2 protein chains.
Amino acid sequence: MDKPAPRRVTIVDVARHAQVSTTAVSKVLRNAYGASPAMRTKVQQAIADLGYRPSAAARGLRGQTYTIGVMLPELRNLFFADILDGITAQLGDSDYQVLLAPGCNGEKAEARVIDAMIDRSMDGLVLIAPVSAKSRLNEVARSVPTVVVGRHGSSPAYDSVTDDDIAGAALVVEHLAGLGHRRIAHIEHHETDRVRLAEMPNAQRAHGYREAMIAHGLEDQIDIASTSYTQAGGYLGARQLLDRPVRPTAIFAGADVVALGALEAIAEAGLSVPGDISVAGYDNSALAAFGPISLTSVDQDGRQMGVNAARLLIDRIDQRDRRTAQIKLSPTLVIRRTTAAR
Amino acid sequence: MDKPAPRRVTIVDVARHAQVSTTAVSKVLRNAYGASPAMRTKVQQAIADLGYRPSAAARGLRGQTYTIGVMLPELRNLFFADILDGITAQLGDSDYQVLLAPGCNGEKAEARVIDAMIDRSMDGLVLIAPVSAKSRLNEVARSVPTVVVGRHGSSPAYDSVTDDDIAGAALVVEHLAGLGHRRIAHIEHHETDRVRLAEMPNAQRAHGYREAMIAHGLEDQIDIASTSYTQAGGYLGARQLLDRPVRPTAIFAGADVVALGALEAIAEAGLSVPGDISVAGYDNSALAAFGPISLTSVDQDGRQMGVNAARLLIDRIDQRDRRTAQIKLSPTLVIRRTTAAR
DNA sequence: AAACATTTGGAAAACGTTACCCACATCACT
DNA sequence: AGTGATGTGGGTAACGTTTTCCAAATGTTT
């Protein structure tokens with residue numbers, strides 16, 4: 001009863017059953033040129049009869065593995081999950097299977113995972129918010145079709161999909177300024193690395209904040225607390241800002257979790273939101289939408305980003321030497337109950 | 001400058017560089033018997049010199065791929081993320097790489113993903129809360145080492161790791177009864193399938209609820225709203241319960257999201273928690289721990305479940321025909337602010 | 001010194017596909 | 001009929017490993 005699993009059926013079995021050559025079967029499998037309709041149906045019948053499934057390992061040795069690897073820094077981040085949804089939706093009915101590595105935080109884990117994916121002959125890679133050195137990314141992209149999501153800057157080797165973080169920051173400042181706020185502060189994720197300073201979304205948001213403040217004639221009101229994109233970072237940043245001689249009337253947190261920490265600090269200081277201070281976040285995560293919190297936040301269409309990434313990747317797999325493209329999507333502002341006129 | 005990526009270095013290159021046979025290199029790679037220490041160091045040096053990395057595709061054709069596949073129904077579920085953490089922590093410093101398929105909800109998607117993993121010659125599979133027919137699971141487990149997580153019942157083919165949902169439900173009932181509650185209602189996930197009724201955690205929780213009520217002499221107070229494990233399901237279930245001639249004084253929701261929906265309905269009805277009604281959830285998700293919510297909930301140590309699953313899997317890969325094991329972990333109750341004496 | 005066991009290293013055959021050719025048949029046009 | 005283009009099918013050599021032998025060298029026991 002507990003039979004030891006029969007040998008897997010191979011292309012040879014199919015060929016024999018259909019009375020054709022293995023070459024013919026392979027052609028049918030790949031929709032390749034050189035197989036008559038009659039032959040196609042015959043082979044397909046045999047495949048169905050035998051329940052044949054191609055071995056990805058064997059395929060990988062010569063051709064494609066029909067596998068797309070996705071690397072993302074953190075599984076718990078819902079925004080990343082949205083991107084993933086977009087990718088899988090776009091690839092859903094293709095022959096490609098998406099596989100992802102569990103959260104790989106930090107350059108080292110990232111390198112390890114990317115190597116693992118290359119070792120497994122994946123046909124293409126989607127790197128979400130990678131922190132690796134740019135040279136490394138270029139190198140990777142040279143050895144396998146790659147799309148980078150959520151990191152600004154262009155490359156000759158990989159395509160990229162980003163959200164316009166500068167525009168997103170501007171949306172927030174504009175909204176708050178429109179409500180009459182002048183002392184609009186920002187909590188950013190501290191960044192030292194030169195390249196990242198230019199390419200990482202957090203840096204872009206801070207940059208966009210500064211530009212927008214200047215554009216609204218609020219240059220002298222620019223006030224940034226430099227902590228990290230975590231709840232603790234938000235708490236700390238807000239504490240710093242609340243201790244200023246003149247308190248800000250609005251805080252633009254670089255991420256929703258940061259805003260959450262800020263809300264905590266504000267409540268602790270006995271102040272009310274949005275009565276005393278308005279707070280806006282970034283990412284429009286489920287957290288922001290959650291009723292009792294109801295945080296004004298910038299929405300990046302993660303799903304759309306994923307869809308675009310998948311499209312670019314498939315394109316590149318088909319045509320490895322086309323020019324690289326950079327897709328930049330526009331964010332929108334979702335206004336909720338944590339921001340109000342002052 | 002945009003050089004076209006040099007050919008990958010293979011085992012043959014390493015062998016030549018180290019002046020040994022490819023067999024020797026292979027032996028060193030796998031720590032196999034038949035290689036002297038001197039030869040080991042020589043080969044390892046060559047591997048390092050050339051930056052050689054084995055091709056998983058080629059390996060898969062003969063031996064192992066050193067890849068573990070994880071299937072889980074939903075990426076956004078934080079409990080699943082905990083399990084995954086446990087798996088990767090346990091496998092972190094082994095040679096195995098964990099890859100997972102993005103959320104595969106439903107029997108069809110599940111089948112597709114499992115097939116894809118088998119096609120890719122993965123060395124082992126961890127199936128988290130699978131809904132497939134048991135016969136199918138057995139069949140899968142016969143063709144590749146498999147551990148099933150979060151589904152009760154034993155199999156001759158696969159190992160399983162579960163949390164004791166009956167005990168979890170009992171914890172809740174005991175806690176509430178201890179607070180003086182008698183009218184303790186339950187919101188369950190409606191289940192019709194026979195096998196699932198016995199094996200799925202949701203069914204076990206409802207079962208445990210019933211048993212515990214009886215054990216506390218509250219048999220005549222048993223009251224179950226049968227909806228689904230979603231926020232909407234919780235809302236609906238609570239509405240049903242609140243409409244009863246005699247309202248329950250406590251609601252045990254089968255999952256945290258369900259509790260959230262229930263809280264919504266209760267607030268809408270103008271009742272207070274825990275003043276008028278106590279509410280308890282299940283899973284102790286981040287949502288439950290979140291300050292403003294502070295939901296009493298049953299904690300399953302997902303991480304520990306993952307660790308155990310990974311251990312069992314590696315064991316089975318090493319020794320395919322050992323007896324199957326079932327590991328059952330004990331949940332604990334985390335008491336927060338949504339439950340109080342009546 | 002003979003007989004046997006163990007260690008060390010390698011040659012060569014898988015593994016299941018795809019890619020690159022070549023052969024033949026058919027067809028259309030001179 | 002001859003020439004070339006096109007369609008159809010297959011033979012076979014890769015691809016990069018692991019596995020299964022086997023042989024030689026070395027060590028150990030009689």
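Order of the sequence lines sets the chain letters (A, B, ...), proteins ahead of strands, with each chain counted from 1. These figures come from a predicted structure and were not determined experimentally.
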Rounded to the nearest angstrom, tell me the gap between atom CG in A/Leu61 and atom C1' in C/dA19. 13 Å
Can you tell me the distance, in whole Å, between the NZ atom of B/Lys27 and the C1' atom of D/dC22? 11 Å
Just to be sure I understand the rule, does A/Thr10 reach a base, reach only the sugar-phosphate, or reach nothing, if contact means heavy atoms closer than 4.0 Å? sugar-phosphate
B/Gln64 CD to D/dG16 C1': how many Å, rounded? 16 Å
Is there, by distance only and without an angle test, a donor paired with an acceptor across the side chain of A/Arg62 and the base of C/dT17 below 3.5 Å? no
For A/Lys42 and D/dT8, give me the distance from atom NZ to atom P, rounded to whole Å. 13 Å
Any salt bridge linking B/Arg30 with B/Asp95? Criterion: basic side-chain nitrogen under 4.0 Å from a carboxylate oxygen. no
What does B/Ser26 touch in the nucleic acid at a heavy-atom separation under 4.0 angstrom: a base, only the sugar-phosphate, or nothing? base
Phosphate OP1/OP2 of D/dT19 contacted by B/Arg30 side-chain N/O (<4.0 Å): yes
For atom CG of A/Asp13 and atom P of C/dC15, their distance in whole Å: 11 Å
Any base atoms under 4.0 Å from B/Thr23, or only sugar-phosphate, or nothing? Heavy atoms, all strands. base
D/dT17 phosphate, OP1 or OP2: any side-chain N/O from B/Tyr52 under 4.0 angstrom? yes
Atom CD1 of A/Ile118 to atom P of D/dG16: distance rounded to whole Å? 15 Å
Under 4.0 angstrom between B/Thr22 side-chain N/O and D/dT17 OP1 or OP2: no
Can you see whether A/Gln64 engages A/Tyr96 through a side-chain donor-acceptor pair at a distance of less than 3.5 angstrom? yes
Tell me what B/Ser55 touches on the nucleic acid: a base, only sugar-phosphate, or nothing, going by heavy atoms under 4.0 Å. sugar-phosphate
To the nearest Å, give me how far apart CZ (B/Arg16) and C1' (C/dG10) are. 16 Å
Taking side-chain hydrogen bond (donor to acceptor under 3.5 Å, both in side chains) as the criterion, tell me which of A/Arg311, A/Arg322, A/Gln326 meets it with A/Asp159. A/Arg322
Return the value, rounded to whole Å, for the distance between atom CZ of A/Arg8 and atom C1' of C/dT17. 12 Å
Side-chain donor-acceptor contact under 3.5 Å, A/Gln45 with A/Asp49: yes
Indicate whether any N or O donor in one side chain lies under 3.5 Å from an N or O acceptor in the other, for A/Thr67 and B/Arg120. yes
Is any side-chain nitrogen or oxygen of B/Ser21 closer than 4.0 Å to OP1 or OP2 of C/dG10? yes
